[in-house]
Amino acid sequence: MEWETVIGLEIHAQLATKSKIFSAASTAYGAMPNTQACAVDLGFPGVLPVLNSEAVTMATKFGLAIGAEVSKRSVFARKNYFYPDLPKGYQISQFELPIVGIGELEIELENGETKTIGITRAHLEEDAGKSMHEGLGNESGIDLNRAGTPLLEIVSEPDMRSAKEAVAYMKKIHSLVRYLEICDGNMQEGSFRCDANVSVRPKGQKEYGTRAELKNINSFRFVERAINLEVERQIELIEDGGHVAQETRLYDADKNETRSMRSKEEANDYRYFPDPDLLPVELDQAFFDSVKATLPELPDVKKHRFMKSFKLSAYDASVLTSSRELAEYFEAVLVAADNEAKLACNWVNGELAAMLNKENKDISESPVKPEMLGKMIVRIKDGTISGKGAKDCFEGMWLGEGDADEVIKKRDLKQVQDSAAIEKFVDDVIAANPKQVEQFKAGQDKLLGFFVGQVMKESKGKANPAQVNQLVKDKLK
Amino acid sequence: MSSLDNETVEKIAKLARLAINKEDASVYAEQLNGILQLVEQMDAVDTKGVLPMAHPQDLKQRLREDKVAESDQRQSFQKIAPKVEAGLYLVPKVIE
């Protein structure tokens with residue numbers, strides 16, 4: 001039987017506020033345990049949560065960016081469950097009236113097509129603390145620094161049909177929250193994590209199958225792996241005559257398996273009710289307008305502008321706009337490169353991306369600044385250096401030998417454009433290879449490459465290849 | 001009319017981490033049902049067009065400026081904790 005996979009994602013994006021969602025304690029990562037957990041975060045009797053305005057602004061930015069309706073009235077609710085890293089015995093979240101309503105997001109598929117993924121809602125909530133189980137004997141250690149950190153939980157429709165689509169969607173949200181500067185997107189530190197609801201159904205069937213929820217996956221690679229494993233497990237189970245149980249499962253990256261988290265099951269009755277400590281959040285159109293005015297150019301708009309103004313392919317444009325920093329780098333290169341868009345794009349997405357990847361560096365850490373790359377492109381364009389010379393030049397700049405002109409001088413990369421000098425190289429090569437000259441004249445056109453190669457070698461790569469090509473042809477005709 | 005049976009009472013108690021005696025469950029069920037009946041009287045009122053109330057006070061949430069204003073008071077908070085180590089609160093082992 002042919003099966004269809006159905007996936008919905010719940011993404012938790014930690015909002016980049018300075019203080020917590022309901023208290024004035026710091027949200028900075030990496031502090032000594034419990035030094036950033038105040039009386040409100042610890043759930044002491046008599047404390048009162050007061051909502052952080054910046055968390056509301058950030059959630060609004062997200063809502064406006066996905067074309068969703070941002071609620072003029074939203075309500076906080078208590079989600080009740082017991083766990084040691086949740087001091088109050090409930091998490092303050094939103095249930096019936098979330099701040100962000102229905103929206104959508106377009107993702108690019110591998111075949112170059114696009115697909116629209118529905119977003120059901122996004123709501124504000126507080127994060128829980130962290131439990132440590134290692135090296136404490138029969139006890140667990142609790143660090144409540146993270147308790148009360150603002151989260152935006154973004155819930156998608158079950159619109160994805162493969163692990164690859166789920167990853168594409170997750171990457172798109174990741175890129176968007178970073179464009180909006182509402183989340184640092186750091187997955188190692190847990191600022192951006194995801195739960196996946198996965199089910200399978202016979203192809204063509206309308207009803208959804210029973211879903212399992214995969215918890216807390218914190219890398220793009222793991223999302224893809226965890227979903228594929230879970231799909232395999234469910235299909236095998238059904239084909240063997242079994243039934244998928246609706247349950248929470250944990251992905252274990254070390255063992256590369258998903259397994260049931262039975263302890264979570266009985267707690268699934270959260271008994272939500274409106275939090276009496278918090279009043280309804282009321283926002284007006286003037287507030288939405290003021291937030292809208294602060295939105296940056298969004299990734300899709302930028303992509304289409306790049307395609308239109310710079311005549312770049314959809315693929316090139318989408319790679320360049322995958323992060324705001326990369327797009328800004330590219331535009332800075334262009335300014336210095338006399339608007340040689342295609343060439344600039346090839347260098348940014350090619351050599352530069354490869355070096356960054358190799359040395360595990362972020363675009364902001366590139367030793368080759370955009371102005372330097374731009375000036376080098378001008379030198380390619382005006383014929384000062386050849387493509388091969390440019391590679392040397394780029395390497396020199398990467399290693400800190402100076403800007404393009406300095407490296408060209410130091411490494412002696414200037415190509416020889418003096419026709420007489422090149423002609424001399426060509427004559428020498430022709431004189432040294434009479435046999436090949438004969439074969440070429442007899443019709444072996446392929447040998448042209450041989451002659452050009454020899455001349456380039458003689459000139460130590462500095463002759464202009466286009467000129468050499470023409471000269472060899474002229475001389476051997 | 002909805003009514004709670006003993007089994008539901010025991011389930012709610014478990015979710016709320018309350019230890020109750022089995023023989024007391026029917027007493028609680030009776031008391032809770034009394035409260036439910038009281039609430040059910042309100043069903044008689046026509047509430048069409050009335051916005052559900054999220055809070056008894058007709059006010060809106062005040063927002064706080066995003067500023068860090070709390071200092072580290074771990075020492076005083078941990079004075080009343082049953083057990084701490086290396087700055088962590090210790091609890092009986094919980095693990096998935």
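Each chain gets a letter, A, B and so on, in the order its sequence line appears, and its residues count up from 1.
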### Task
Might you work through the side chain to side chain contact (heavy atoms under 4.5 Å, CB included) test for A/Q36 and B/D72, ending with a clear yes or no?
CA-CA 6 Å; A/Q36 292 176 175; B/D72 171 21; over 6 Å; no
#### Entry: Atom pair NZ (A/K130) and CG (B/L88), whose distance is rounded to the nearest 0.5 Å
11.5 Å
### Task
Name the option with the most non-hydrogen atom pairs under 4.5 Å to chain A; the candidates are B/S71, B/P92, B/P56.
B/P92
### Query
Checking side chain to side chain donor-acceptor pair (under 3.5 Å) against B/D66, which of A/T17, A/N52, A/T57 comes through?
A/N52
### Task
Return yes if a side-chain donor-acceptor contact under 3.5 Å exists between A/S23 and B/R64, otherwise no.
no
### Message
Tell me whether A/D289 at atom CG has more than 12 heavy atoms from other residues, nucleotides or ligands lying less than 6.0 Å away.
### Response
yes
### Query
In terms of heavy-atom pairs under 4.5 Å, which option from A/P274, A/G89, A/P276 contacts chain B the most?
A/P276
#### Entry: Side chains of A/E54 and B/L63 in contact at under 4.5 Å (non-hydrogen atoms)
no
### Message
Looking at chain B, which one of A/G141, A/G137, A/G129 has the largest number of heavy-atom pairs inside 4.5 Å, strictly under?
### Response
A/G141
### Task
To the nearest 0.5 Å, tell me how far B/R62 CZ sits from A/L278 CG.
11.5 Å
#### Entry: NZ on B/K83 to CD on A/E139, rounded to 0.5 Å
3.5 Å
### Task
Would you check, one step at a time, whether the test side chain to side chain contact (heavy atoms under 4.5 Å, CB included) holds for A/N80 with B/L15?
CA-CA 9 Å; A/N80 299 281; B/L15 284 171; over 6 Å; no
### Task
Please check if atom CD in B/E30 has more than 12 non-hydrogen atoms from other residues, nucleotides or ligands closer than 6.0 Å.
no
### Task
Taking the side chain as every heavy atom from C-beta outward, state whether B/Q61 and A/V56 have any atom pair closer than 4.5 Å.
no
## Note on the structure
Counting heavy-atom pairs under 4.5 Å with chain B, the top scorer among A/F82, A/F76, A/F273 is A/F82
### Message
Given 3.5 Å as the limit, does a donor-acceptor pair link the side chain of A/H133 with the main chain of B/K93, or not?
### Response
no
### Query
Do other residues, nucleotides or ligands put more than 12 heavy atoms under 6.0 Å from B/D43 CG?
yes
### Message
Is any side-chain heavy atom of A/F44 closer than 4.5 Å to one of B/I80?
### Response
yes
### Message
For A/A39, which atoms come within 4.5 Å of any heavy atom of chain B: side chain, backbone, both, or neither?
### Response
both
### N/O donor-acceptor pair under 3.5 Å between B/K67 side chain and A/S19 backbone
no
### Query
Got more than 12 heavy atoms from elsewhere within 6.0 Å of NZ, A/K18?
no
### Query
With a 4.5 angstrom heavy-atom cut-off, which part of A/L136 approaches chain B: side chain, backbone, both or neither?
side chain
### Message
Need one label for B/E65: side chain, backbone, both or neither, based on atoms under 4.5 Å from any heavy atom in chain A.
### Response
backbone
### Query
More than 12 foreign heavy atoms under 6.0 Å from CD of B/E23: is that the case here?
yes
### Task
Sort A/V281 into side chain, backbone, both or neither according to what part of it lies under 4.5 angstrom from a heavy atom of chain B.
both
### Message
Contact between A/P280 and B/K60 at the side-chain level, heavy atoms closer than 4.5 Å - yes or no?
### Response
no
### Message
Can you tell me how far apart CG (A/N34) and OH (B/Y89) are? Round to the nearest 0.5 Å.
### Response
5.0 Å
### Query
Counting heavy atoms not belonging to A/Q285, are there more than 12 under 6.0 Å from its CD?
yes
### Message
A quick test of your reading: do over 12 heavy atoms of other residues, nucleotides or ligands sit less than 6.0 Å from CD of A/E257?
### Response
yes
### Task
Provide the closest heavy-atom pair for B/A86 versus A/P33 in the form atom of the first, atom of the second, distance.
O-CG, 3.8 Å
### Whether over 12 other heavy atoms sit under 6.0 Å from B/Q75 CD
no
### Query
Quick one: CZ on B/R74 to CG on A/L144, what's the gap to the nearest 0.5 Å?
11.5 Å
### Query
Non-hydrogen atoms of chain A under 4.5 Å away: do they reach the side chain of B/Q78, the backbone, both or neither?
side chain
